[in-house]
*Asks:* 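Just passing along the structure, written as structure tokens.
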Amino acid sequence: MAKKGILISFEGGEGGGKTTQIVRIRERLAQAGRDVVAVREPGGTAVGEQIREVVLSSKNTGISFTTEVLLFQAARAQIYREIVIPSLKAGKVVLMDRTRDSSVVYQGVVRKFGKELIEQLNNISTQNTYPDLTFLLDVPVETGLDRRAKSGEVNRLDMEAKNFHEQVREAYLDLAREDKTGRWVIIDARKPLEVVEEEIWQKVEEELSTK
Ligand code: TYD
């Protein structure tokens with residue numbers, strides 16, 4: 001794919017502050033004169049938001065893991081075709097609140113579908129698109145769940161046992177540490193918001209300067 005823009009993803013377990021940081025980084029990019037688009041997965045498109053409702057609703061306790069795998073991929077296929085790929089072709093900076101690595105961690109490792117299978121599906125959904133930069137906002141599980149409880153938003157996966165969230169955290173750290181592409185940046189998200197924002201911004205500026 002002829003790609004001129006920059007794709008930056010934010011990943012991590014519950015309560016790492018991804019959404020807050022994306023708002024801040026988006027603002028700073030806009031101030032720096034960049035054309036910026038921010039989206040979340042699952043969701044981000046009209047069809048994707050409907051899929052989000054199905055896959056995350058706490059009412060849908062009967063959803064099978066296989067259905068879950070495919071629904072996340074379906075939402076992804078839509079957002080890459082409708083927003084991500086066209087935006088990158090137009091030279092924009094695209095910020096994503098979760099993308100392919102969420103499926104590798106949650107469905108590939110924790111739900112045990114295997115990383116290889118999930119990456120194959122990811123490649124179909126994204127048309128082989130990878131982030132240029134991926135921030136892992138890492139917090140201990142207790143801290144993350146505490147923050148999440150205070151925010152009052154609880155989805156179907158948040159209701160999983162603590163052990164599930166421990167596995168999510170470890171899987172993310174493994175993925176980031178095993179990475180050979182240099183796209184992963186591990187951020188200690190226990191730090192104050194402003195400090196985390198500054199760390200992210202420095203990396204983003206570095207990335208922008210190389211393009
Ligand atoms: P969301 O409400 O967006 O919360 P947050 O990103 O702040 O945790 O929840 C998205 C949930 O969906 C989250 O529990 C992770 C899960 N998820 C997957 O399991 N696989 C995926 O591919 C994606 C994109 C998300």
Side-chain angles (χ1 to χ4, degrees), residues 7-24 38-45 47-61 63-80 83-84 94-115 117-126 129-131 134-172 175 187 189 193 196:
L7 178 55
I8 303 175
S9 62
F10 293 75
E11 294 281 356
E14 313 305 318
K18 297 188 305 304
T19 313
T20 308
Q21 293 299 337
I22 288 174
V23 170
R24 293 177 175 218
V39 285
R40 68 172 176 183
E41 274 198 40
T45 62
V47 167
E49 289 294 327
Q50 292 175 63
I51 297 172
R52 178 184 179 91
E53 182 56 33
V54 174
V55 72
L56 293 184
S57 168
S58 17
K59 290 187 204 129
N60 288 337
T61 47
I63 255 181
S64 80
F65 290 167
T66 307
T67 311
E68 183 182 290
V69 166
L70 296 172
L71 285 173
F72 283 120
Q73 294 295 342
R76 182 163 302 132
Q78 189 65 28
I79 203 173
Y80 274 77
I83 297 176
V84 179
V94 180
L95 305 180
M96 297 194 78
D97 191 340
R98 300 192 178 281
T99 185
R100 55 185 306 146
D101 302 306
S102 284
S103 282
V104 173
V105 165
Y106 286 80
Q107 283 69 49
V109 181
V110 182
R111 300 289 202 213
K112 300 196 168 55
F113 282 84
K115 289 185 196 174
L117 172 68
I118 298 297
E119 287 291 35
Q120 281 173 16
L121 295 172
N122 277 338
N123 283 336
I124 295 170
S125 303
T126 66
T129 309
Y130 281 84
T134 298
F135 292 102
L136 171 55
L137 270 58
D138 177 61
V139 281
V141 170
E142 292 281 351
T143 316
L145 293 180
D146 250 29
R147 286 185 185 170
R148 177 43 59 99
K150 286 187 187 114
S151 83
E153 301 160 27
V154 176
N155 67 48
R156 194 172 55 81
L157 280 94
D158 295 338
M159 296 177 345
E160 291 280 353
K162 191 170 168 229
N163 177 45
F164 172 92
H165 298 287
E166 294 285 4
Q167 289 178 51
V168 167
R169 184 181 186 208
E170 282 315 307
Y172 267 120
L175 206 59
I187 302 273
L193 284 180
V196 171

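One-based numbering, in listed order, for ligands and for the atoms of each. The figures that follow rest on heavy atoms only: side chains count, while hydrogens, waters and symmetry mates do not. Being a predicted model, the structure only gives us computed values, none of them experimental.
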*Asks:* Nearest to atom 6 (O) of ligand 1, what protein heavy atom do you find, and at what distance?
*Replies:*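 Sorting protein heavy atoms by distance from atom 6 (O) of ligand 1 puts Arg98 NE, 2.7 Å first.
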
*Asks:* Does Lys18, backbone or side chain, put an N or O under 3.5 Å from an N or O of ligand 1?
*Replies:* yes

*Asks:* Check each of Arg40, Glu14, Arg52 against atom 1 (P) of ligand 1 and report the one with the nearest heavy atom.
*Replies:*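 It is Arg52 that holds the nearest heavy atom.
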
*Asks:* Counting distance only, does the side-chain N/O of Asn155 pair as donor-acceptor with the main-chain N or O of Asp158 below 3.5 Å?
*Replies:*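 Looks like yes, one N/O pair under 3.5 Å.
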
*Asks:* Does the N or O separation between Ser103 and ligand 1 drop below 3.5 Å for any pair?
*Replies:*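 Such a contact does occur with ligand 1.
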
*Asks:* Quick one: which ligand 1 atoms are inside 4.0 Å of a heavy atom on Leu157?
*Replies:* 14 (O), 19 (O)

*Asks:* Do ligand 1 and Asn155 have nitrogen or oxygen atoms that lie under 3.5 Å from each other?
*Replies:* yes

*Asks:* Quick one: does Glu68 get within less than 4.0 Å of ligand 1, heavy atoms only?
*Replies:*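 No; Glu68 lies far enough from ligand 1 that no heavy-atom distance drops under 4.0 Å.
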
*Asks:* So which heavy atom in the protein is nearest atom 25 (C) of ligand 1, and how far is it from that ligand atom?
*Replies:* Phe72 CE2, 3.4 Å

*Asks:* Tell me, please: is Arg148 in heavy-atom contact with ligand 1, that is, under 4.0 Å?
*Replies:* yes

*Asks:* Please check if the number of heavy atoms outside Glu142 that lie under 6.0 Å from its CD is greater than 12.
*Replies:*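 Counting neighbours around CD of Glu142, 12 or fewer heavy atoms of other residues, nucleotides or ligands fall under 6.0 Å, so no.
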
*Asks:* Is it the case that the side chain of Arg52 and the backbone of Gly43 share a donor-acceptor pair, with hydrogens and angles ignored and the cut-off at 3.5 Å?
*Replies:*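 No; zero donor-acceptor contacts below 3.5 Å.
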
*Asks:* Looking at Val54, is its backbone amide N or carbonyl O close enough to the side chain of Ser57 to form a donor-acceptor pair, meaning the two atoms are under 3.5 Å apart?
*Replies:* no

*Asks:* Can you list the ligand 1 atoms lying under 4.0 Å from a non-hydrogen atom of Tyr106?
*Replies:*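 Checking each atom against Tyr106, I get 15 (C), 18 (C), 19 (O).
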
*Asks:* If the cut-off is 4.0 Å to any non-hydrogen atom of Gln107, which atoms of ligand 1 fall inside it?
*Replies:* 18 (C), 19 (O), 20 (N), 21 (C), 22 (O)

*Asks:* Are Glu41 and Arg100 close enough for a salt bridge, meaning some N to O gap below 4.0 Å?
*Replies:* no

*Asks:* My understanding is that only one of Ile8, Thr99, Val84, Val94 makes a side chain to side chain contact (heavy atoms under 4.5 Å, CB included) with Pro131; could you say which?
*Replies:* Thr99

*Asks:* Which one holds for Leu56 and ligand 1: side chain close, backbone close, both close, or neither close, with close meaning a heavy atom under 4.0 Å?
*Replies:* side chain

*Asks:* Taking 4.0 angstrom as the limit, do Arg40 and Glu49 come out as a salt bridge?
*Replies:*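 Yes, this pair counts.
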
*Asks:* Work out which heavy atom in Gly13 is nearest to a heavy atom in Tyr106; give both atom names and the distance.
*Replies:* CA-OH, 3.8 Å

